[in-house]
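This report concerns only the one structure given below.
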Amino acid sequence: MLKIYNTLTRKTEEFQTLEPNLVKMYVCGVTVYNDAHVGHAMSALVFDIIRRYLEYRGYAVRHVMNYTDVDDKIIARANQLGEDPLKLSQRYIEDYARDLKALNVLPPTSTPQVSKTMPLIIQFIEGLIEKGHAYAAPNGDVYFSVTSDEDYGKLSGRKLEEMQAGARIEVGEAKTHPMDFALWKAAKEGEISWDSPWGRGRPGWHIECSAMNLAELGEQIDIHGGGNDLVFPHHENEIAQSECYTGKPFARYWVHNGMLQLGGEKMSKSMGNMVTIKQFLAKREADVMRMLVLNGTYRAPLTFNDETLDAAQKNVERLKSALRPAFASAGGLAPDSLSALTAAAETAKTNFIEAMDNDFNTAGAVAALFELSKSINAARDNGATGEQLKSAQETFRELAGVLGLRLEEKKGSGDADAFVNLLVEVRAEVRKQKLWALSDYIRDKLKELGVTIEDGKDGTQWRYS
RNA sequence: GGCGUCGUGGCCAAGUGGUAAGGCAAGGGUCUGCAAAACCCUCAUCACGGGUUCGAAUCCCGUCGACGCCUCCA
């Protein structure tokens with residue numbers, strides 16, 4: 001039985017879908033105005049892993065991830081570059097999609113954009129006004145009236161009175177209550193804008209997600225996800241809008257990932273302490289970023305530094321070792337050792353599922369993989385044949401795949417293979433003659449060129465590294 | 001100030017009432033000409049102080065500390 005921690009109730013609950021075998025999941029994507037960083041990657045990876053696991057458990061998943069392509073920052077950046085804002089955001093949408101692909105994140109089943117949802121957004125706002133939950137201000141703005149929603153604050157656990165005490169809220173002249181937030185913003189001079197019943201303008205940040213949810217998944221959804229920095233105000237406002245509009249409970253489970261920490265602080269564009277996904281991938285393979293996430297708890301802060309990354313990289317290499325072939329000289333495994341290996345594979349699978357069922361305990365799931373890799377490697381060391389390793393390795397690959405790990409050995413272009421083989425052969429001859437200096441020289445130089453040589457009991461194996 | 005999450009070995013981290021998974025690092029060993037890889041072995045009483053209980057890292061209260069949100073933010 002799968003259990004998920006629900007931000008709304010602050011409890012871990014049994015997972016039950018609205019419709020049998022179907023999961024409707026909406027995850028807040030990014031605002032597209034510059035390169036995405038590894039913090040965004042963490043969020044994308046968390047929900048990719050959740051999605052993959054749900055599918056593994058037999059659910060069909062409708063995974064919607066939106067792009068915010070109309071926004072103050074986009075407009076500012078576009079003005080700075082002298083570029084059309086929608087062209088700019090489109091550029092970064094394609095860019096982000098490439099980043100995700102490089103990270104082996106499955107493409108969401110749908111990726112709606114604000115700029116393409118305008119009619120429904122306007123209709124949504126009109127509906128809220130009709131129901132008395134919103135009002136148009138004289139300046140052309142439209143605001144949501146927080147006091148019209150008796151549940152307002154239920155997701156983040158805040159009360160209106162307490163929030164006002166913070167005094168960091170700027171009181172817009174047009175608002176009747178300081179916590180009211182914009183559904184529609186009247187266009188300023190020269191800004192991109194759309195026609196509406198309230199004059200030209202553009203949507204506020206929160207309304208887009210309510211509208212796109214409705215368009216893509218309907219009035220009620222199973223899982224709503226995003227970073228925990230979105231709990232307030234974004235998701236709080238989203239619930240308020242959607243539930244006031246439909247009169248129905250909106251999302252069944254609210255799932256939030258913790259923040260990636262760089263230098264003890266949250267990584268963010270505005271803080272400037274960021275590493276972009278591209279910068280990361282230039283140095284490390286995608287599996288390393290994924291392993292970093294898997295090693296932690298998705299809800300907790302994640303430490304991103306050289307030390308944790310080195311460990312993650314080692315972890316990946318270790319897992320890869322389980323998938324290597326049997327030794328050429330393998331004499332076969334004794335029957336009881338073979339059944340022990342089979343049992344280890346079954347245990348790993350059981351433990352893996354048990355861990356993942358417990359609110360996606362990926363650290364526990366990875367531990368199950370490590371245990372299995374140990375069994376597989378020990379079996380190989382003890383002379384298991386390829387045939388004997390096959391079943392356990394297939395289980396291993398299956399489970400690693402659920403986590404989205406590729407575990408691929410690096411491949412060369414293929415052109416060099418024949419030459420490397422020749423060098424290895426020559427080196428074998430050199431070693432026979434005990435010319436160690438020369439033999440080590442070849443090994444060292446190949447290492448520099450990205451080829452790792454390992455001398456085993458029955459010959460030398462090599463691979464790209 | 002308010003709301004929330006959390007504090008487990010050198011580091012990352014699982015565990016939610018019965019005497020601490022896993023990984024990295026470290027040390028020892030097997031294998032090897034050496035190296036690497038792999039395998040085996042060693043390595044913590046769970047921030048602090050009270051309380052509940054036969055029994056708590058796990059429940060309750062308090063203290064201290066960290067982080068997130070309260071303003072754009074994955």
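Values in this document were obtained by computation on a predicted structure and should not be read as measured data.
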Atom pairs and distances, side-chain donor-acceptor, residues 334-341 of chain A, under 3.5 Å, sequence neighbours left out:
| residue | atom | partner | partner atom | Å |
| --- | --- | --- | --- | --- |
| A/S339 | OG | A/P335 | O | 3.3 |
| A/S339 | OG | A/D336 | O | 2.9 |

- Between B/rC39 and A/N377, is there an OP1 or OP2 to side-chain N/O distance shorter than 4.0 Å? yes

- Write down the distance between NE2 (A/H63) and P (B/rA74), rounded to a whole number of angstrom. 15 Å

- First encountered from the 5' end of RNA chain B, between A/G258 and A/S373: A/S373

- salt_bridge(A/R443, A/D440) N-O dist < 4.0 Å: yes

- Note on the structure: The contact string for nucleotides 57-62 of chain B, one letter per nucleotide 5' to 3', using protein heavy atoms under 4.0 Å with B, S and - for base, sugar-phosphate only and none, comes out as ------

Interface polar pairs with nucleotides 3-5 of chain B, N/O, under 3.5 angstrom:
| residue | atom | partner | partner atom | Å |
| --- | --- | --- | --- | --- |
| B/rC3 | O2' | A/S156 | O | 2.8 |
| B/rC3 | O2' | A/G157 | O | 3.2 |

- Could you check which of B/rG68, B/rC24, B/rA13 has an atom nearest any side-chain atom of A/A363? B/rA13

- Indicate whether the side chain of A/D359 and that of A/Y298 have a donor and an acceptor atom separated by less than 3.5 Å. yes

- Message: What I want to find out is whether A/E448 reaches A/K445 closely enough, with some N-O distance under 4.0 Å, to be called a salt bridge.
- Response: yes

- Task: Examine the side chains of A/S242 and A/N213 and answer whether a donor and an acceptor come within less than 3.5 Å of each other.
- Result: no

- Considering only heavy atoms and no angle criterion, is a donor-acceptor pair shorter than 3.5 Å present between the side chain of A/K314 and the base of B/rC24? no

- Message: Which heavy atom of A/N257 sits nearest to which heavy atom of A/S43, and what is that distance?
- Response: OD1-OG, 2.9 Å

- Query: Quick one: is B/rG15 close enough that its OP1 or OP2 comes under 4.0 Å of any side-chain N or O from A/N358?
  - Reply: yes

- A/N295 CG - B/rC24 P separation (whole Å): 10 Å

- Base, sugar-phosphate alone, or nothing: which one does A/L292 contact when heavy atoms must sit under 4.0 Å apart? nothing

- In whole angstrom, give the distance that lies between atom CG of A/D381 and atom C1' of B/rA36. 14 Å

- Query: Atom OH in A/Y96, atom OG in A/S89: separation rounded to 0.5 Å?
  - Reply: 15.0 Å

- Message: What is the separation between atom NZ on A/K159 and atom P on B/rC70, rounded to the nearest whole Å?
- Response: 19 Å

- Base, sugar-phosphate alone, or nothing: which one does A/Q261 contact when heavy atoms must sit under 4.0 Å apart? sugar-phosphate

- Between A/T31 and B/rA74, is there a side-chain N or O to OP1/OP2 distance below 4.0 Å? yes

- Message: Quick check for you: among B/rA37, B/rC11, B/rA74, whose closest atom lies nearest to any side-chain atom of A/R324?
- Response: B/rA37

- Message: Does this structure show an ion pair linking A/D72 with A/K185, if we count only N-O contacts that are shorter than 4.0 Å?
- Response: yes

- Task: Measure the distance from CG on A/L302 to C1' on B/rC6 and round it to the nearest whole Å.
- Result: 15 Å

- Message: Nearest to the A/E307 side chain among B/rC11, B/rC39, B/rG68, which nucleotide is it?
- Response: B/rC11

- Query: Base, sugar-phosphate alone, or nothing: which one does A/K447 contact when heavy atoms must sit under 4.0 Å apart?
  - Reply: nothing

- Report the base-pairing partner of B/rA57 (Watson-Crick or G-U wobble, both distances below 3.5 angstrom), or none. none

- Indicate, with a heavy-atom threshold strictly under 4.0 Å, whether A/G226 touches base, sugar-phosphate, or nothing. sugar-phosphate

- Note on the structure: side chain to side chain donor-acceptor pair (under 3.5 Å) filter on A/K278, not counting sequence neighbours, yields A/D95, A/D99

- Determine whether the side chains of A/T68 and A/E208 contain a donor N or O and an acceptor N or O closer than 3.5 Å. yes

Under-3.5 Å N/O pairs linking protein and nucleotides 30-35 of chain B:
| residue | atom | partner | partner atom | Å |
| --- | --- | --- | --- | --- |
| B/rG33 | N7 | A/R431 | NH2 | 3.3 |
| B/rG33 | O6 | A/R431 | NE | 3.3 |
| B/rG33 | O6 | A/S439 | OG | 3.4 |
| B/rG33 | N1 | A/D440 | OD1 | 3.0 |
| B/rG33 | N2 | A/D440 | OD2 | 2.8 |
| B/rC34 | O2 | A/R443 | NH2 | 2.7 |
| B/rC34 | N3 | A/R443 | NH1 | 2.8 |
| B/rC34 | N3 | A/R443 | NH2 | 3.3 |
| B/rC34 | N4 | A/R443 | NH1 | 3.4 |
| B/rC34 | N4 | A/D455 | OD2 | 3.0 |
| B/rA35 | N6 | A/D455 | O | 2.8 |
| B/rA35 | N1 | A/D455 | N | 3.2 |
| B/rA35 | N3 | A/R443 | NH1 | 3.0 |

- Reckon A/H256 touches a base, only the sugar-phosphate, or nothing at all at heavy-atom distances under 4.0 Å? nothing

- Query: More 5' along RNA chain B: A/C28 or A/S321, using each one's nearest nucleotide?
  - Reply: A/S321

- Please work out if A/V30 contacts a base, only the sugar-phosphate, or nothing of the nucleic acid, heavy-atom cut-off 4.0 Å. sugar-phosphate

- Message: With a 4.0 Å cutoff (strictly under), does any side-chain N or O of A/N228 reach OP1 or OP2 of B/rA74?
- Response: no

- Flag the pair A/R284 and A/D310 as a salt bridge only when some basic side-chain nitrogen lies within less than 4.0 angstrom of an acidic carboxylate oxygen. yes

- In whole angstroms, the gap separating P of B/rC24 from CG of A/N305 amounts to 17 Å

- With a 4.0 Å cut-off on heavy atoms, is A/E371 in touch with a base, just the backbone sugar-phosphate, or nothing at all? sugar-phosphate

- Message: So, OP1 or OP2 of B/rA37: does either fall under 4.0 Å of a side-chain N or O from A/R380?
- Response: no

Using atom types as modelled, flag every donor-acceptor pair under 3.5 Å from a side chain in residues 23-34 of chain A to any protein atom, sequence neighbours excluded.
| residue | atom | partner | partner atom | Å |
| --- | --- | --- | --- | --- |
| A/K24 | NZ | A/E19 | OE2 | 3.3 |
| A/K24 | NZ | A/L217 | O | 3.1 |
| A/Y26 | OH | A/N66 | OD1 | 3.4 |

- In terms of side-chain heavy atoms, does A/T460 have a donor or acceptor partner in A/D455 at a distance below 3.5 Å? yes

